[in-house]
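A quick note: this is a predicted structure, and the numbers were derived from the prediction, not measured. Numbering of ligands and ligand atoms starts at 1, following listing order.
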Amino acid sequence: MPDVLDLARAQVLPRGEGLDEAGVHAVLALPDERLPEALQLAHEVRMRWCGPEVEVEGIVSLKTGGCPEDCHFCSQSGAFTSPVRSVWLDVPALVEAARQTARTGATEFCIVAAVRGPDDRLMTQLAEGVAAIRAEVDINIAASLGMLTADQVATLVDLGVHRYNHNLETARSYFPRIVTTHTWQERWDTLRLVRESGMEVCCGGILGLGESVAQRAEFAVQLAALDPHEVPLNFLTPRPGTPLGDRPPLDARDALRAIAAFRLALPRTILRYAGGRELTLGDLGTRDGLLGGINAVIVGNYLTTLGRPAAADLDLLDELRMPVKALSATL
Ligand code: SF4
């Protein structure tokens, strides 16, 4: 096999065709001294196929905690002793969160609920919330409500939800070690319904769950096969009380190798920093990732862990001369 970065230079950069599983694995296995070269190439690919803009998103939790599923990384599962308990947000609070998010310059506002899938109460609450936000705030609304039926997908489209997040979380071969209450295939089925509905598909996962490097490569190409509009990349923040509570965080160099590898697998996709980058990468690593293939961020707080203040991220983008994507460009 030719050198993988030479291959990527000939294939991914000029043609926008992502690396296959063997290629992604080779990038993930590069020695430390070649990491800067990999990040530089991933950055060139991002600039060539996505441009310099960075998409900014805020997220809010409509229903927190008490989830019946057992995703082993998640402090919102009711199956573990982690301290997050069930809480609902009301519509005025939702609108206020959307307003604050829009003030940061964000174009995306994602409403999230910790559930297996939405019940009637949640769909009603969401419908009221989305209508109120659309009446008062100029921002795209996304949702993340777990697994959906075809009817629920149609309802979200009617409400004007333009993007749906549902993460595959990890490689298909590793998923049963992380979740036992539902299957990877069930998640895939929801994603297929979302794709067919015309909503944008947002699908990513968490690295550092104990998956092997080969499984990390497997996951990247499984995501590429889905061809999502956006891939949120999380790095595990071990949460006390969860089965993964004692796992060490991913090594920063491995996280950066993964950013470069995922960009080279997914040259045209929005690749978003989601949870865990503060713990795994710190400030310097955050910058390296933005110069290594990442082109979207979540501002403010995540669902169960605190993020960096929005201003710190926006200042960094300014310093890197990466303009925040404007709302008009996304409509
Ligand atoms: S990741 Fe989602 S489905 Fe899994 S336990 Fe957490 S809230 Fe529930």
Side-chain angles (χ1 to χ4, degrees), residues 57 59-89 94 110-119 121-123 125-126 129 142-149 152-153 156 161 163-172 174-194 201-211 219 222-223 226 228 230-245 247 250 272 274-277 279 298 301-307:
E57 177 185 68
I59 56 180
V60 71
S61 185
L62 174 57
K63 187 243 165 194
T64 307
C67 179
E69 302 305 293
D70 75 343
C71 309
H72 288 16
F73 51 83
C74 182
S75 60
Q76 302 206 59
S77 168
F80 315 130
T81 57
S82 33
V84 177
R85 289 289 155 254
S86 194
V87 180
W88 285 76
L89 209 63
L94 210 54
C110 186
I111 302 171
V112 180
V115 289
R116 174 184 171 87
D119 58 11
R121 177 186 176 193
L122 181 57
M123 288 300 282
Q125 188 85 342
L126 181 84
S144 179
L145 314 170
M147 291 177 279
L148 301 176
T149 64
Q152 288 169 334
V153 169
L156 295 183
V161 172
R163 187 181 295 174
Y164 193 77
N165 163 262
H166 194 46
N167 289 340
L168 287 167
E169 306 298 11
T170 191
R172 183 172 195 143
Y174 194 61
F175 191 88
R177 298 277 304 277
I178 295 299
V179 184
T180 68
T181 47
H182 59 269
T183 63
W184 196 92
Q185 184 64 43
E186 286 177 276
R187 290 192 176 225
W188 184 272
D189 291 344
T190 286
L191 290 160
R192 191 174 40 79
L193 289 173
V194 171
V201 176
C202 168
C203 177
I206 307 183
L207 304 181
L209 298 174
E211 75 282 359
F219 182 40
Q222 285 165 342
L223 287 173
L226 180 68
E230 169 187 341
V231 169
L233 259 194
N234 295 271
F235 306 108
L236 178 71
T237 302
R239 305 298 295 158
T242 64
L244 300 183
R247 270 210 75 77
L250 198 62
R272 188 182 303 278
R277 72 179 143 112
L279 178 70
I298 292 174
N301 294 338
Y302 307 123
L303 296 175
T304 59
T305 55
L306 292 178

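In this structure, the side chains of Ile178 and Ile206 stay at 4.5 Å or more apart for every pair of heavy atoms.
With sequence neighbours left out, the side chain to side chain donor-acceptor pair (under 3.5 Å) criterion links Arg177 to no other residue. Residues satisfying the salt bridge (Lys or Arg N to Asp or Glu O under 4.0 Å) test with Glu230, not counting sequence neighbours, are Arg163, Arg272. Every residue two or more places apart in sequence or in another chain that forms a side chain to side chain donor-acceptor pair (under 3.5 Å) with Asn167 is listed here: Asn165.
Taking a cut-off of under 4.0 Å to the non-hydrogen atoms of Phe73, the atoms of ligand 1 that pass are 1 (S).
By the 30° and 60° cut-offs, the orientation of the rings of Tyr164 relative to His166 is tilted.
Inside a 4.0 Å radius of atom 1 (S) of ligand 1 there is at least one protein heavy atom.
Residues Arg187 and His182 bring a donor and an acceptor atom of their side chains to less than 3.5 Å of each other.
The distance cut-off of 2.8 Å around atom 4 (Fe) of ligand 1 captures these protein N, O or S atoms, sorted by chain and number: Cys71 SG.
Note that Arg172 lies outside the cation-pi zone of Trp188, set by a 6.0 Å cut-off to the ring centre and a 45° limit from the axis.
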